[in-house]
Protein chains: 2
Amino acid sequence: MRERGFNGFSYANVAAELGVTSATVHYHFPAKAELGEALITRDTERFADALATIHAGAPGTQAKLAAFAGLYADRLNARGVCLCAVLVAEYETLSEPMRRAIDRLFTDSEEWLATVLQQGREDGSLCFEASPRDVAGTIIGGLLGAMLLARSNDDVNRFRSAASLLLATVAG
Amino acid sequence: MRERGFNGFSYANVAAELGVTSATVHYHFPAKAELGEALITRDTERFADALATIHAGAPGTQAKLAAFAGLYADRLNARGVCLCAVLVAEYETLSEPMRRAIDRLFTDSEEWLATVLQQGREDGSLCFEASPRDVAGTIIGGLLGAMLLARSNDDVNRFRSAASLLLATVAG
DNA sequence: GTCTATAGGCAGATAGAC
DNA sequence: GTCTATCTGCCTATAGAC
C-alpha cells in the first residue's frame with residue numbers, strides 16, 4: 001500500500017508476497033477496505049507509541065521536532081512513502097471508514113506537533129508568529145510533499161533538506 | 001484524474017461524463033497511459049504559459065511568489081487537487097512516459113521558482129540562507145502537501161494558510 | 001468520429017474440501 | 001487456516017457497422 005497506493009495493489013499481490021493464495025488473505029481481511037483500514041490503524045498505533053517515546057525521551061523541543069521528522073524519514077525508502085502521503089492523494093476513492101482513519105492519523109500528529117510548538121514558544125526555544133496549529137499543519141504538509149518528491153526523484157536527501165528547512169522556520 | 005488519481009478512474013467514467021461511449025474515448029486515446037500522458041503534457045503547457053505571464057506581469061518577486069502559489073490554488077477545489085500531487089503519489093504504478101512527464105512538470109516549476117528566488121535574494125527583496133534550488137523544492141513540496149491536506153479536510157483555507165507561511169520563510 | 005458488440009483479463013469476493 | 005475452484009463484474013482494448 002505504501003508503495004503502490006490503495007488502488008494500485010491487489011489481493012493477488014499481497015498473497016504472492018506472502019507465499020499464500022488470495023483466498024487466504026480474504027480469510028483474514030474479507031473486504032479490501034477492511035484490510036486498508038487495519039493497516040492505517042496499525043500505523044496510527046505505532047506512530048502514537050513513537051510520539052510518546054519522543055515526548056518522554058527527547059531532551060528539548062528542538063530534539064523533539066527532529067525526532068518527529070525522523071519518524072517520516074523512517075517510513076521513506078526508494079519505493080515506499082508513509083501511508084498518509086499515498087492515501088490522502090487517493091482520498092476521494094476511499095471508503096468512509098478509511099477516510100476517518102486517515103483523518104485521525106493526521107489530527108493526532110498535528111495535535112502532538114502543535115503542543116510541542118506551543119511549549120517551545122513558551123519556554124523560548126522556538127520562535128514563530130502564526131498559530132501552533134497552522135504551523136503544525138504546514139510542517140506536516142511540507143513533510144508529506146517532500147516525501148513524495150524525494151521518492152519520485154529517488155533521492156532521500158531531498159527529504160532531509162526540506163525537513164531541515166521546514167524545522168528551521170520555527171527555530172528560536 | 002485530479003479527483004480520483006490515475007488508478008481511480010476508468011474509460012467508462014470519462015465517457016459517462018462526456019456523454020459518449022468508452023469506445024469513443026479509446027478512439028482519441030488508444031491506451032490509458034497515453035491519455036494520462038496527454039493530460040500531464042497539457043497541464044505542463046498551461047503551467048508554463050502561466051509562469052511566463054507571471055514573469056512578464058507581476059511587479060516584484062513577492063508578487064511573483066504569491067502568483068505562483070495562486071496557480072496551485074487555482075487547481076484546488078473540494079474534490080480535485082493539481083495533477084502532480086495525485087500522480088506523484090501513484091508514481092510507482094505509472095508508465096515510464098508518464099513518469100518522465102511528471103518529472104518534467106516538477107523540474108520546470110522548480111527551475112522557475114529557483115530563478116525567482118535567486119533574483120529576489122540578489123535585489124534584496126527576499127532573504128534565505130539555503131540554496132535557491134533547495135528552497136524551491138521545499139516550497140513546492142509544501143504546496144503539494146498543503147493541497148492534499150486541504151482537500152481531505154475540505155477546507156481551502158488550510159492551503160492558503162500554509163502557502164502564506166511557506167512564502168513568509170523567504171520574505172526579506 | 002461515434003456507435004454496438006465483444007474479446008480477454010484481472011479484480012474482489014465466496015464455497016467448500018482438507 | 002489454507003487450499004482449489006469458481007462466480008460476477010468491471011477493466012482495458014479492439015472489430016466492424018454506420
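So that the names make sense, note that chain A is the first sequence line, chain B the second, and so on, each numbered from 1. Quantities reported herein were computed from a predicted structural model and do not represent experimental measurements.
The neighbour count for B:Glu129 CD, taken as heavy atoms of other residues, nucleotides or ligands under 6.0 Å away, does not exceed 12.
Comparing D:dA13, C:dA11, C:dT2 by their closest approach to the side chain of A:Ala12 singles out C:dA11. Here the nucleotide nearest the side chain of B:His26, chosen from D:dG1, D:dT12, D:dC3, is D:dT12. When distances are taken from the side chain of B:Thr24 to each of D:dG1, C:dC3, D:dT12, the shortest belongs to C:dC3. Here the side chain of A:Ala23 is nearest to one of D:dC3, D:dA13, C:dG12, namely D:dC3. Closest approach to the B:His28 side chain among D:dG1, C:dT2, D:dT14 is made by C:dT2 (side chain taken as heavy atoms from C-beta onward).
Between the side chains of A:Thr93 and A:Asn7, at least one donor N or O sits under 3.5 Å from an acceptor N or O.
Contact check, A:Tyr27 against D:dG1: a side-chain N or O comes under 4.0 Å of OP1 or OP2. Phosphate proximity of D:dA13 to B:Tyr11: present, with a side-chain N or O under 4.0 Å from OP1 or OP2.
Residue-level contact check: A:Thr21 touches the bases, meaning some heavy atom is under 4.0 Å from a base atom. Within 4.0 Å (heavy atoms only), A:Phe9 reaches sugar-phosphate atoms of the nucleic acid but no base atom.
The separation between B:Asn7 atom CG and C:dA11 atom P is 12 Å, rounded to whole Å. Atom NZ in A:Lys32 sits about 16 Å away from atom P in D:dC10, given to the nearest Å.
Looking at A:Leu143 and A:Phe159, their side chains come closer than 4.5 Å, going by heavy atoms from C-beta outward.
Results of the ring pair (Phe, Tyr, Trp, His ring centres under 6.0 Å) test with B:Phe47 over B:Tyr72, B:Trp112, B:Phe106 single out B:Tyr72 as the only residue that passes.
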